[in-house]
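Everything on this sheet refers to the single structure shown next.
For the single chain, residues carry numbers from 1 onward in sequence order.
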Amino acid sequence: MELDLRSIVTELNSLAEDYRVGNLQQLRWIIRGRSGNRNGMRWVIPKDSDGYAFHWGGRKELQFNLGIEDNRIRYGVAFSFEPSSSYSVDDLHGFLDPKIERFNDYLGWNPDEYPTMKMWHWANGERSKEFRAGPIRMNLYEPDLFIFLGRISTPDNWNPHGVLKTFDELLPLYEHVEGHSSSSLRRQRRGTVGFSFKPGCTIKSRRTIAKLHPGISNIRLRHNDMQFALYGKLASKYGKDNVGTENPSGNGLPIDVVVKYEDITYSFYEIKTSHVPRICIREAIGQLLEYAFWIGGGPVVKHLVVVGPNPMDDEAEEYLSELKGKFGLPISYDHYPLPD
């Protein structure tokens, strides 16, 4: 059986009224505070499509996405940073970067929400291996980046009702990302275990990772290289019993490196791999503040450290001085060159 995208879209549209996602366009209007009757899902198949479709309006959103890969059909949700005649890469980052954060929040608080779905991405023309659903932790400026969460079927097990059920499962995530609902986060928060310190390094060396996962993103390898080396440096200074990697923060995401002191206070380190210190600070500061000061109490944190591969320049140094002076934030920047 040869899969035909237009036939698939037509079939899904004919069956969608029996599913929540069948009211997707109406939901989009409600989210935006508008009134009107916008029925159905309304799919877009771009003129230059090589076998993919997304819901109308999805270029600026977490998009419901269908695609044919090697005569298999993928179905789920996606972020697409691929430029078009309508949107540049910078335009798409303006729309989607805040939604990536909300996506990460949701899956951070609800790590077991989609145990039977997989994630993968396309970057620079190459497809990654499939991995467990979770927060997106990669370089969002990879060329032609496309990030996907969902399922994939062969022609033999194709089931349009299964596709629509999958879309319904993903609607709470879509609603949260697009700003309509945070109820799932609130439910998870009450049952989430808070910060806990555990010494030791869970990060493998570059050689081990490359051997086990040859398709892993270069950005993840660089991050792990820095994390592994930083752990060794801090463990030599403070002792292995006082330094840990990937400690649970209590908000669903792990802290890259934690140092514990004798007075039961801590320093949190967040590693970023951009060669521009300003970008490292921008990407890390929100995470560090949430790790340290999220509602409900937590550990006493005496120091927050942004770690990048290059020394801090004058502008970044002035910015951190402003943060410390105006707000009293115990934040600093350190650099650790990428290992050869």
Side-chain angles (χ1 to χ4, degrees), residues 16 19-34 38 41-44 52-67 74-82 87 89-123 131-142 145-151 163-189 192 249 251-253 282-283 286-287 290 294:
Y19 296 86
R20 281 193 66 216
V21 76
N23 294 315
L24 177 62
Q25 293 303 326
Q26 182 69 22
L27 173 62
R28 292 181 67 248
W29 275 59
I30 292 172
I31 289 174
R32 287 155 183 75
R34 301 176 184 176
R38 294 293 185 273
M41 295 193 67
R42 299 185 65 192
W43 290 96
V44 175
Y52 68 92
F54 54 86
H55 78 262
W56 188 87
R59 288 294 278 136
K60 297 160 63 174
E61 300 178 2
L62 176 66
Q63 60 180 243
F64 286 88
N65 184 281
L66 295 164
R74 68 165 187 259
Y75 47 96
V77 292
F79 288 109
S80 176
F81 290 92
E82 298 169 288
Y87 302 114
V89 171
D90 287 339
D91 290 335
L92 293 169
H93 277 280
F95 300 138
L96 298 179
D97 283 0
K99 299 182 180 187
I100 292 276
E101 293 182 10
R102 293 180 67 82
F103 179 97
N104 287 348
D105 285 344
Y106 188 95
L107 290 181
W109 285 112
N110 302 280
D112 299 318
E113 185 83 353
Y114 302 114
T116 62
M117 298 188 197
K118 296 293 184 182
M119 290 181 67
W120 61 91
H121 59 265
W122 287 85
F131 48 91
R132 187 176 185 271
I136 297 166
R137 302 188 69 172
M138 62 179 297
N139 181 8
L140 297 180
Y141 279 86
E142 293 275 9
L145 179 63
F146 176 82
I147 305 167
F148 186 83
L149 164 64
R151 298 187 170 105
V163 174
L164 292 165
K165 287 178 182 177
T166 295
F167 288 157
D168 272 7
E169 289 178 59
L170 290 164
L171 262 179
L173 171 62
Y174 172 84
E175 290 177 296
H176 179 76
V177 168
E178 295 304 318
H180 184 56
S181 172
S182 60
S183 59
S184 293
L185 290 185
R186 289 195 296 268
R187 288 197 301 271
Q188 181 67 21
R189 184 178 300 155
T192 297
S249 64
N251 74 352
L253 295 175
R282 178 203 303 162
E283 293 179 350
Q287 288 175 256
E290 190 171 317
W294 185 245

Set of salt bridge (Lys or Arg N to Asp or Glu O under 4.0 Å) partners for Arg74, sequence neighbours left out: Glu69
Which atom of Gly58 lies closest to which atom of Gln63, heavy atoms considered: O-NE2, 3.3 Å
Separation between CE of Met119 and CD1 of Ile136, rounded to the nearest 0.5 Å: 4.5 Å
Residues that Asp112 engages under salt bridge (Lys or Arg N to Asp or Glu O under 4.0 Å), provided they are two or more places apart: Arg132
Side chain Asn65, main chain Gly76, donor-acceptor under 3.5 Å: no
Interatomic spacing from CD1 in Ile100 to CG in Asp105 - rounded to 0.5 Å: 11.5 Å
Side chain to side chain, Trp43 and Phe64, heavy atoms closer than 4.5 Å: yes
Gap between atom CZ of Arg42 and atom CZ of Phe54 - 0.5 Å precision: 12.0 Å
Minimum heavy-atom distance between Gly108 and Pro111, given as atom pair plus value: O-CD, 3.6 Å
Under the salt bridge (Lys or Arg N to Asp or Glu O under 4.0 Å) test, residues paired with Glu61 that sit two or more places apart: Arg28, Arg32
Arg151 side chain near Tyr114 side chain, heavy-atom distance below 4.5 Å: no
Residues Met138, Leu145; criterion side-chain contact (heavy atoms from CB on, under 4.5 Å); working and verdict: CA-CA 10 Å; Met138 62 179 297; Leu145 179 63; 3.6 Å; yes
With Lys99 via salt bridge (Lys or Arg N to Asp or Glu O under 4.0 Å) - residues at least two apart: Glu178
Side-chain heavy atoms of Leu140 within contact of Ile147, under 4.5 Å: yes
Nearest-0.5 Å distance, CD of residue Gln287 to CG of residue Asn104: 8.0 Å
Leu149 side chain reached by Phe103 side chain, heavy atoms, under 4.5 Å: yes
Closest non-hydrogen atom pair, Ser80 against Phe146: CB-CD1, 3.8 Å
Atom pair CE/OH of Met41 and Tyr19 - distance to nearest 0.5 Å: 12.0 Å
Lys60: partners by side chain to side chain contact (heavy atoms under 4.5 Å, CB included), with sequence neighbours left out: Tyr87, Phe95
Check: Leu62 and Phe79 side chains under 4.5 Å, non-hydrogen atoms: yes
Sole candidate of Leu171, Leu170, Val177 that passes side chain to side chain contact (heavy atoms under 4.5 Å, CB included) when paired with Tyr174: Leu171
Side chains of Leu24 and Phe167 in contact at under 4.5 Å (non-hydrogen atoms): no
Trp56: ring pair (Phe, Tyr, Trp, His ring centres under 6.0 Å) partners, not counting sequence neighbours: none
CA sep, side-chain torsions, deciding dist, call: His121, Phe131, side-chain contact (heavy atoms from CB on, under 4.5 Å): CA-CA 10 Å; His121 59 265; Phe131 48 91; 3.8 Å; yes
Interatomic distance, Arg102 atom CZ to His176 atom NE2 [nearest 0.5 angstrom]: 4.0 Å
